[in-house]
Asker: 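Questions regarding the structure given below will be posed in turn.
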Amino acid sequence: MPYNFESTLHSADPVITGFKTRDVRFPTSLDQTGSDAMNDVGDYSAAFCILETDGSHTGHGMTFTIGRGNDLVVQAIPYFASALIGHSLSSLVNNFADTWKALTRDCQVRWVGPEKGVTHLAFGAVINAIWDLWAKSANKPVWKLVADLTPQEFVRCVPFDYIEDAITPEEATDLLARVSGQDKEDRLQHALDDRAVPIYTTSAGWLGYSDEKMCQLLNENRRAGVKNFKFKVGRDLQEDRKRLTLARDIIGYDETTKFMIDANQVWSVPQAISYVKELAEFKPWFIEEPTSPDDILGHATIRRNLKDLGIGVATGEMCQNRIVFKQMLQAEAIDICQVDACRMGGLNEVLAVLLMAAKFGVQVVPHSGGVGLPELTQHLSLIDYVCVSGKVSLLEYVDHLHEHFQYPSMTKEGYLISPREPGYSIEMVTKGMDKYTFPPLDKEGWWASDAARQVLNRQAIKLFQL
């Protein structure tokens, strides 16, 4: 029998009456925010699903893209959201894993996935909107809503199909029970004291930034208490050496400081091994996305070749679903699990990955670079620390675009400030959402401005000269 999750609701059980979608894009390519060896002109974008109800709350969910193609995700959201109309919140979350699986079983939509790509990104936005609605109705932030679930209730939210050869529901329940008790209460207090999740930042490390800007941002972050930094690499070895030397001169080699590099998939397996060995003198803690995100055995080969250098392998922001993560873990291909909040099928599938990572003893460091991702991933890190692994980790944090959210993610003295407001922290300020909606809602929208032309007129695909 399903658990009665209606008892978690602080207010009346809302019924979903409709939904809206929004295509929101920010022109970050103009100042090179987010630039790396693979993604040089990204415009941080969000595909939104907003669930309307007969109650006082709406559910907001999103997934992240970097510009063109965001419209494809928006167009796919109705395939899933339309099925929710007429259903009460409690009926959806009483056995959330069954709801999750039912929504992925439209065979015609599944054919263009399955459980990957555009449709899975859209599905994640819808699932995240349900979690936001549930947390608001329970008058809790999502991380606290999950922390207050019993192990059995937690497990009933997780889709275990295709991963039971890695972890079973019974094993997951036992794992969660082992990290409960007084130790969990202590970790919960750490979260409430804003000392649960230390951060690292990528904000100084974009490849498109000048040396001067990089050094300025490094110094600003160090004064703010940030100790851990990541830098983009992979475009030019000598340029990378120059930038990393400047960075290390500022940061130093203190053992309490984490120093990371990220290639964003640009190398083959042999190239990755060779290139990272060339940068080993800078003592990176890990190399992120050293090769294709789908190459499980390639990651395992890279990891074996870098192990003696003390350099770990990290990946996950492009990992399509829990099955790929399962194989990464089974193949001992990664040292760091960088699960993304909306690349996969929303929080339910993320919970599956957190459980597997805990069983395999692999540290979780969520991917959290783009617009809205820090707002979401702060909940993931808190859930992992308080409920699942019980181990202190790190969370990626960037300084961009938080002003557009009702309850932006924030840090203090190098730590995440744990969200207190009910929901999943992803609801945008109406003014900002309207201004950056694409296509523009009216002539006041940014995408109707003269400044937008240099983005809109940029050639998308540059073929070789014939």
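What you see is a predicted model; the values in this text were computed from it and never measured.
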Asker: Ion pair present between Arg187 and Asp384, side-chain N to carboxylate O less than 4.0 angstrom?
Answerer: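 No, this pair does not count.
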Asker: Could you tell me whether the side chains of Ser90 and Asp13 share a donor-acceptor contact shorter than 3.5 Å?
Answerer: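 Short answer, yes.
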Asker: Verify, without hydrogens or angle tests, whether Tyr275 (side chain) and Leu237 (backbone) share a donor-acceptor contact under 3.5 angstrom.
Answerer: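 Confirmed, Tyr275 side chain pairs with Leu237 backbone.
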Asker: Is it the case that the side chains of Tyr209 and Thr33 hold a donor-acceptor pair, with the cut-off being a distance below 3.5 Å and no angle test?
Answerer: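 Side-chain D/A pair, Thr33 to Tyr209: present.
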Asker: side-chain contact (heavy atoms from CB on, under 4.5 Å) between Tyr415 and Val197: does it pass, once the steps are laid out?
Answerer: CA-CA 6 Å; Tyr415 281 83; Val197 182; 5.7 Å; no
Asker: If we ignore hydrogens and angles and just use 3.5 Å, is the side chain of Glu153 paired with the main-chain N or O of Thr150 as donor and acceptor?
Answerer: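 It does hold such a pair.
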Asker: Indicate, with yes or no, if the rings of His60 and Tyr424 have centres closer together than 6.0 Å.
Answerer: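 Centroid separation for His60 and Tyr424: 6.0 Å or greater.
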Asker: If every non-hydrogen atom of Ser389 is compared with every non-hydrogen atom of Val179, which pair is closest and at what distance?
Answerer: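 Distance-wise, the nearest heavy atoms are O-CG1, 4.3 Å.
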Asker: Are there over 12 heavy-atom neighbours, none belonging to Glu220, within less than 6.0 Å of that residue's CD?
Answerer: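 Atom CD in Glu220 is crowded, with more than 12 foreign heavy atoms closer than 6.0 Å.
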Asker: Could you walk me through whether Asn321 and Tyr162 pass side-chain hydrogen bond (donor to acceptor under 3.5 Å, both in side chains), step by step?
Answerer: CA-CA 11 Å; Asn321 50 48; Tyr162 308 131; over 6 Å; no
Asker: Check each of Phe286, Trp285, Tyr253, Phe231 against Phe259 using the ring pair (Phe, Tyr, Trp, His ring centres under 6.0 Å) test, and report the only one that passes.
Answerer: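 With Phe259 as partner, Phe286, Trp285, Tyr253, Phe231 yield a single ring pair (Phe, Tyr, Trp, His ring centres under 6.0 Å), made by Phe231.
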Asker: Is a donor from one side chain sitting under 3.5 angstrom from an acceptor on the other, for His190 and Tyr385?
Answerer: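 On atom types as modelled, these side chains qualify, holding a pair under 3.5 Å.
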Asker: Under 3.5 Å, side chain of Arg243 to main-chain N/O of Gly205, donor-acceptor pair present?
Answerer: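 A pair under 3.5 Å: yes.
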Asker: With distance as the sole criterion, is a donor-acceptor pair present between the side chains of Arg304 and Thr301 under 3.5 Å?
Answerer: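 Yes - a donor-acceptor pair under 3.5 Å links their side chains.
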Asker: Is Glu421 salt-bridged to Lys144, cutoff N-O under 4.0 Å?
Answerer: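 Answer for the salt bridge query: no.
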Asker: What are the two closest non-hydrogen atoms of Asp36 and Leu207, and how far apart are they?
Answerer: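 Closest pair (atom of Asp36, atom of Leu207, distance): C-CD1, 3.6 Å.
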Asker: Run the salt-bridge test on Arg178 and Asp174 with the 4.0 Å N-O cut-off and return the result as yes or no.
Answerer: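 No, no charged N to carboxylate O under 4.0 Å.
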Asker: What salt bridge (Lys or Arg N to Asp or Glu O under 4.0 Å) pairs are there with at least one residue in residues 390-409, not counting sequence neighbours?
Answerer: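 For residues 390-409: Lys230-Glu396.
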Asker: Counting only heavy atoms not in Lys227, do more than 12 sit closer than 6.0 Å to its NZ atom?
Answerer: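 No.
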Asker: For Ser268 and Gln271, test the side chains for any donor-to-acceptor distance below 3.5 angstrom and give the result as yes or no.
Answerer: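 Indeed, the side chains of Ser268 and Gln271 share at least one donor-acceptor pair under 3.5 Å.
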Asker: Quick one about Glu375 and His402 (side-chain donor to acceptor, distance below 3.5 Å, no hydrogens or angles considered), yes or no?
Answerer: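 Per modelled atom types, His402 and Glu375 side chains form a pair under 3.5 Å.
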Asker: Does Lys307 come within less than 4.0 Å of Asp335, counting only side-chain N to carboxylate O?
Answerer: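 Looking at Asp335 together with Lys307, the answer is no, because their closest N to O distance does not fall below 4.0 Å.
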Asker: Do Ser45 and Asn70 meet the criterion of a side-chain donor-acceptor pair at a distance under 3.5 Å?
Answerer: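 The criterion, which ignores hydrogens and geometry beyond distance, is not satisfied for Asn70 and Ser45.
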Asker: Using the ring centroid of each side chain, check whether Phe26 and Tyr436 are separated by less than 6.0 Å.
Answerer: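 Yes, they do, as the ring centres are separated by less than 6.0 Å.
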Asker: Considering only NZ, NE, NH1 and NH2 on the basic side and carboxylate oxygens on the acidic side, decide whether Lys140 and Asp148 come within less than 4.0 Å.
Answerer: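 Yes, charged N to carboxylate O under 4.0 Å.
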Asker: Near Asp254 CG, under 6.0 Å, is it more than 12 heavy atoms from other residues, nucleotides or ligands?
Answerer: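 Yes, enclosed.
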Asker: Any donor-acceptor pair under 3.5 Å linking the side-chain atoms of Gln265 with those of Ser292?
Answerer: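 There is no such pair (donor and acceptor under 3.5 Å, judged by atom type) between the side chains of Ser292 and Gln265.
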Asker: Just do the side-chain contact (heavy atoms from CB on, under 4.5 Å) check on Cys342 and Leu376 with the steps written out, would you?
Answerer: CA-CA 9 Å; Cys342 46; Leu376 293 169; 4.2 Å; yes
Asker: Between Arg343 and Glu349, is there a salt bridge with N-O shorter than 4.0 Å?
Answerer: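 No, Glu349 and Arg343 are not salt-bridged.
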Asker: For Tyr397, does its backbone N or O pair with a side-chain atom of Thr201 as donor and acceptor, under 3.5 Å?
Answerer: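 Looks like yes, one N/O pair under 3.5 Å.
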Asker: Should the pair Glu278-Arg241 be classified as a salt bridge under the 4.0 Å nitrogen-to-oxygen rule?
Answerer: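 Yes, charged N to carboxylate O under 4.0 Å.
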Asker: Taking the basic N atoms (NZ, or NE/NH1/NH2) and the acidic carboxylate oxygens, is any pair closer than 4.0 Å for Asp262 and Lys232?
Answerer: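 Salt bridge: yes.
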Asker: Is it true that Lys412 and Asp194 make a salt bridge, defined as a side-chain N closer than 4.0 Å to a carboxylate O?
Answerer: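 So Lys412 does not pair with Asp194 through a salt bridge.
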Asker: Any donor-acceptor pair under 3.5 Å linking the side-chain atoms of Asn264 with those of Glu288?
Answerer: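 Asn264 and Glu288 do not have a side-chain donor-acceptor pair below 3.5 Å.
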Asker: Does the side chain of Gln338 pick up a donor-acceptor pair with the side chain of Glu317 at under 3.5 Å?
Answerer: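 No, no side-chain donor-acceptor contact under 3.5 Å.
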Asker: Using 30° and 60° as the class limits, which term best fits the ring planes of Trp206 and His400: parallel, tilted or perpendicular?
Answerer: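 Tilted, since the angle between the ring planes falls between 30° and 60°.
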Asker: Under 3.5 Å, is there a donor-acceptor pair between the Gln189 and Glu185 side chains?
Answerer: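 No, Glu185 and Gln189 have no side-chain donor paired with an acceptor closer than 3.5 Å.
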Asker: Quick check: closest heavy atoms across Pro159 and Lys101, and the distance to 0.1 Å?
Answerer: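 So the minimum-distance heavy-atom pair works out to CB-CG, 4.5 Å.
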Asker: Within a 6.0 Å radius of atom OH on Tyr407, are there more than 12 heavy atoms belonging to other residues, nucleotides or ligands?
Answerer: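 Atom OH in Tyr407 is not crowded, with 12 or fewer foreign heavy atoms closer than 6.0 Å.
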Asker: Does the ring centre of Phe80 sit less than 6.0 Å away from the ring centre of His120?
Answerer: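 Distance test on ring centres: not under 6.0 Å, no.
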Asker: Using every non-hydrogen atom in the two residues, find where Ser393 and Val365 come nearest and quote the distance to one decimal.
Answerer: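 Nearest pair, atom of Ser393 first, then Val365: OG-CG2, 3.4 Å.
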